[in-house]
Trainee: 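Here it is: the structure, laid out below.
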Amino acid sequence: MEIAILSRRRDLYSTHRLVEAATQRGHHADVIDTLRCYMNITSARPTIHYKGSELKHYDAVIPRIGASITFYGAAVVRQLEMMGVFCVNDSIAITRARDKLRSLQLLSKKGIGMPITGFAHSPDVIPDLIKMAGGVPLLIKFLEGTQGVGVVLVESSKAARSVIEAFLGLKVNIMVQEYIKESAGADVRCFVVGNKVVAAMKRQAKSPEEFRSNLHRGGVATSVEITEEERTMAIRATQIIGLSVAGIDIVRSNRGPLIIEVNASPGLEGIEKATGADVAGSIISFIEESMKSDEGRPGSKGKG
Ligand SMILES: Nc1ncnc2c1ncn2[C@@H]1O[C@H](COP(=O)(O)OP(=O)(O)O)[C@@H](O)[C@H]1O
Ligand SMILES: [Mg+2]
């Protein structure tokens, strides 16, 4: 197969592992810089151009769309869908996952457990919003934050009121969320490929003063056994958002596992190193299986 990996940088661990896994399985993989793709959306035959010429035909694409380029990245993936290329994650699902509020709304509608979460526009409702989220301590999160930046823990009502007011005043989209204290600075990342959790790691914040377990914030990853409930939750969440490859983040609370986030381009480095699992290989195998069952149905993944 000819596989394209949409990624800004070929030297990233995730990117080169995907190339390596594809090559090992007898395929050919190219790394295509998402932001250097350009497209003619008006022609009868949709195309993508890259570095001065038309992009060659690929059987499958693995989108690795960083948070800061979601809009353009989703447009490139959409164009590939229109061209009938099999995209591991489709553009609509990538866009859904990027917005924390939107994905939590979709998950809650299907009964997936999550911390109590509120969203508001008017500053008048702030006291009630704080009460709704169970009072302090609580978390304030940017809807499009990532790597732990834009997640604020506030411990007094006074601080909560002024921080929420400040963000609303700056027209930053935020949500207010119950803080799950008993998770003690840890969460569980389930890496889902197709309808399987292929690896899971526990991430622990680097110190007792830090509540965010993000590896970019110095969190430490170890392999972890997940419960059946967590496994089912991760697979269902992936399906509800419409992804095939996802990193599902779960906090362990006194009332069971709760979802905090769905990532459409989860990193491979932390999880492969912590668990020893061949996650890149699982993604390539998933493409092989999907292409087999998709044979003769060109463009069947494209949803426009
Ligand atoms: N409701 C919560 N209760 C306790 N800890 C949380 C909660 N939400 C997030 N965290 C911690 O903060 C980290 C970052 O939050 P997250 O919503 O995943 O933002 P980001 O998209 O920036 O990673 C999580 O990995 C987790 O360790
Ligand atoms: Mg996160």
Side-chain angles (χ1 to χ4, degrees), residues 14 65-70 94-108 112-119 129-130 132-155 160 163-164 167 172-192 200-222 224 226 230 233-234 237-238 241 243 246-271 274:
S14 302
I65 310 293
S68 59
I69 63 154
T70 303
I94 293 169
T95 313
R96 277 188 199 120
R98 196 63 221 107
D99 176 338
K100 285 191 172 128
L101 179 68
R102 183 177 180 184
S103 36
L104 289 183
Q105 282 175 319
L106 289 168
L107 297 176
S108 78
I112 302 280
M114 63 189 64
I116 304 168
T117 304
F119 178 66
L129 188 68
I130 296 172
M132 208 171 77
V136 287
L138 57 75
L139 294 179
I140 299 169
K141 295 188 180 183
F142 292 1
L143 295 198
E144 303 215 338
T146 180
Q147 302 181 347
V149 181
V151 182
V152 183
L153 173 62
V154 282
E155 291 175 295
V163 175
I164 298 170
F167 285 144
V172 177
N173 280 319
I174 51 156
M175 63 190 197
V176 170
Q177 192 170 74
E178 170 193 14
Y179 175 55
I180 307 298
K181 207 187 276 166
E182 62 271 23
S183 69
D187 70 358
V188 173
R189 156 70 56 97
C190 298
F191 203 112
V192 180
M201 65 175 164
K202 180 178 171 174
R203 298 179 300 188
Q204 180 71 53
K206 65 168 186 252
S207 70
E209 285 78 50
E210 177 59 84
F211 69 96
R212 295 165 299 181
S213 62
N214 301 69
L215 303 184
H216 285 97
R217 305 248 74 74
V220 176
T222 47
V224 71
I226 54 168
E230 288 165 342
M233 181 179 242
T238 304
I241 302 301
L243 293 165
I248 305 292
D249 295 346
I250 291 175
V251 287
R252 290 175 162 170
S253 82
N254 292 337
R255 57 179 194 275
L258 303 173
I259 278 211
I260 52 170
E261 201 185 12
V262 175
N263 291 280
S265 293
L268 300 188
E269 183 166 14
I271 196 134

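Please read these numbers as outputs of a predicted model, since none were measured by experiment. Atoms within a ligand are numbered from 1 in the order they appear, just like the ligands themselves. Residues take their numbers from the sequence shown, with the count starting at 1.
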Trainee: Distance to 0.1 Å, residue and atom name: give those for the protein heavy atom nearest to atom 27 (O) of ligand 1.
Mentor: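 In this structure, atom 27 (O) of ligand 1 has S213 OG, 2.9 Å as its nearest protein heavy atom.
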
Trainee: I need the atoms of ligand 1 closer than 4.0 Å to a non-hydrogen atom of P115, numbered in the order shown.
Mentor: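 Numbered from 1, ligand 1 contributes 1 (N).
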
Trainee: Relative to atom 26 (C) of ligand 1, which among V149, V151, N263, I260 owns the nearest non-hydrogen atom?
Mentor: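 The option holding the nearest heavy atom is I260.
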
Trainee: Ignoring hydrogens, what is the shortest heavy-atom contact between A67 and R98? Give both atom names and the distance.
Mentor: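 Closest approach of A67 to R98, heavy atoms only: CB-NH2, 3.1 Å.
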
Trainee: What are the protein N/O/S atoms, named by residue and atom, that sit under 2.8 Å from the Mg ion (ligand 2)?
Mentor: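 Listed by chain and number, the nearby protein N, O or S atoms are E261 OE1.
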
Trainee: At their closest point, which heavy atom of A234 faces which heavy atom of C190, and how far apart are they?
Mentor: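 So the minimum-distance heavy-atom pair works out to CB-CB, 3.7 Å.
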
Trainee: So, for F191 and G267, which heavy atoms are closest and what is the spacing to 0.1 Å?
Mentor: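 The pair with the smallest heavy-atom distance is CE1-O, 3.7 Å.
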
Trainee: May I ask you to identify the nearest protein heavy atom to atom 22 (O) of ligand 1, giving residue, atom name and distance to one decimal place in Å?
Mentor: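 The protein heavy atom lying closest is G148 N, 2.6 Å.
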
Trainee: Can a salt bridge be assigned to the pair R203 and D249 using a cut-off of 4.0 Å between side-chain N and carboxylate O?
Mentor: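 Yes, charged N to carboxylate O under 4.0 Å.
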
Trainee: So, using ring pair (Phe, Tyr, Trp, His ring centres under 6.0 Å) as the criterion, who are the partners of F119 when residues are at least two apart?
Mentor: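 Not a single residue meets the ring pair (Phe, Tyr, Trp, His ring centres under 6.0 Å) criterion with F119.
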
Trainee: Within the 4.0 Å heavy-atom shell around T146, which atoms of ligand 1 are there?
Mentor: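 In order of number, 20 (P), 21 (O), 22 (O).
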
Trainee: Just checking, is any N or O donor in the side chain of Q177 or T117 under 3.5 Å from an acceptor N or O on the other one?
Mentor: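 There is such a pair (donor and acceptor under 3.5 Å, judged by atom type) between the side chains of Q177 and T117.
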
Trainee: K141 heavy atoms, cut-off 4.0 Å: which ligand 1 atoms fall inside?
Mentor: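 Answer, ordered by atom number: 8 (N), 9 (C), 16 (P), 17 (O).
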
Trainee: Return the closest protein heavy atom for atom 23 (O) of ligand 1 as residue, atom name and distance.
Mentor: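 Protein heavy atom with the smallest distance to atom 23 (O) of ligand 1: N214 ND2, 2.8 Å.
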
Trainee: With sequence neighbours excluded, tell me which residues meet salt bridge (charged side-chain N to carboxylate O under 4.0 Å, His left out) with E182.
Mentor: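 Result, salt bridge (charged side-chain N to carboxylate O under 4.0 Å, His left out) vs E182: none returned.
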
Trainee: Counting non-hydrogen protein atoms only, what is the nearest one to atom 6 (C) of ligand 1? Give residue, atom name and distance.
Mentor: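 Protein heavy atom at minimum distance: L139 CD1, 3.7 Å.
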
Trainee: Just need the protein heavy atom nearest to atom 11 (C) of ligand 1, so name the residue and atom and give the distance.
Mentor: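 The answer is F211 O, 3.8 Å.
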
Trainee: Taking atom NZ as the centre, does K202 end up with more than 12 heavy-atom neighbours from other residues, nucleotides or ligands that are less than 6.0 angstrom away?
Mentor: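 Atom NZ in K202 is not crowded, with 12 or fewer foreign heavy atoms closer than 6.0 Å.
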
Trainee: State plainly whether the residues R212 and E261 are in salt-bridge range, i.e. N to O under 4.0 Å.
Mentor: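 Salt bridge: no.
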
Trainee: Quickly, which of L104, I260, I259, L139 forms a side-chain contact (heavy atoms from CB on, under 4.5 Å) with P115? Name it, please.
Mentor: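 Of the listed options, the one satisfying the test is I260.
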
Trainee: Pick, from H216, R252, M114, E178, the option with the minimum heavy-atom distance to atom 1 (N) of ligand 1.
Mentor: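 The nearest heavy atom belongs to E178.
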
Trainee: What is the nearest protein non-hydrogen atom to atom 25 (O) of ligand 1, stated with its residue, atom name and distance?
Mentor: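 Closest protein heavy atom to atom 25 (O) of ligand 1: D187 OD2, 2.8 Å.
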
Trainee: Using the salt bridge (charged side-chain N to carboxylate O under 4.0 Å, His left out) criterion, which residues pair with E269? Sequence neighbours excluded.
Mentor: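 Partners of E269 by the salt bridge (charged side-chain N to carboxylate O under 4.0 Å, His left out) criterion, ordered by chain and then number, come out as K273.
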
Trainee: Do you know which two heavy atoms are closest between I241 and R96, and how far apart they sit?
Mentor: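 Looking at all heavy atoms of both residues, the closest pair is O-NH1, 2.7 Å.
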
Trainee: If every non-hydrogen atom of A246 is compared with every non-hydrogen atom of L243, which pair is closest and at what distance?
Mentor: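 So the minimum-distance heavy-atom pair works out to CB-CD1, 3.8 Å.
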
Trainee: Looking at atom 3 (N) of ligand 1, what's its closest protein heavy atom, distance included?
Mentor: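 The closest heavy atom on the protein side is I180 N, 2.9 Å.
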
Trainee: Please write down residue, atom name and distance for the protein heavy atom closest to atom 18 (O) of ligand 1.
Mentor: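 Atom 18 (O) of ligand 1 sits closest to the protein heavy atom E261 OE1, 2.7 Å.
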
Trainee: Report, in ascending order of atom number, the atoms of ligand 1 lying under 4.0 Å from any heavy atom of K100.
Mentor: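 Those of ligand 1 that fall under 4.0 Å from K100 are 17 (O), 19 (O), 20 (P), 21 (O), 22 (O).
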
Trainee: May I ask you to check if ligand 1 and R212 share an N or O to N or O distance below 3.5 Å?
Mentor: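 No; every N/O pair is 3.5 Å or more apart.
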
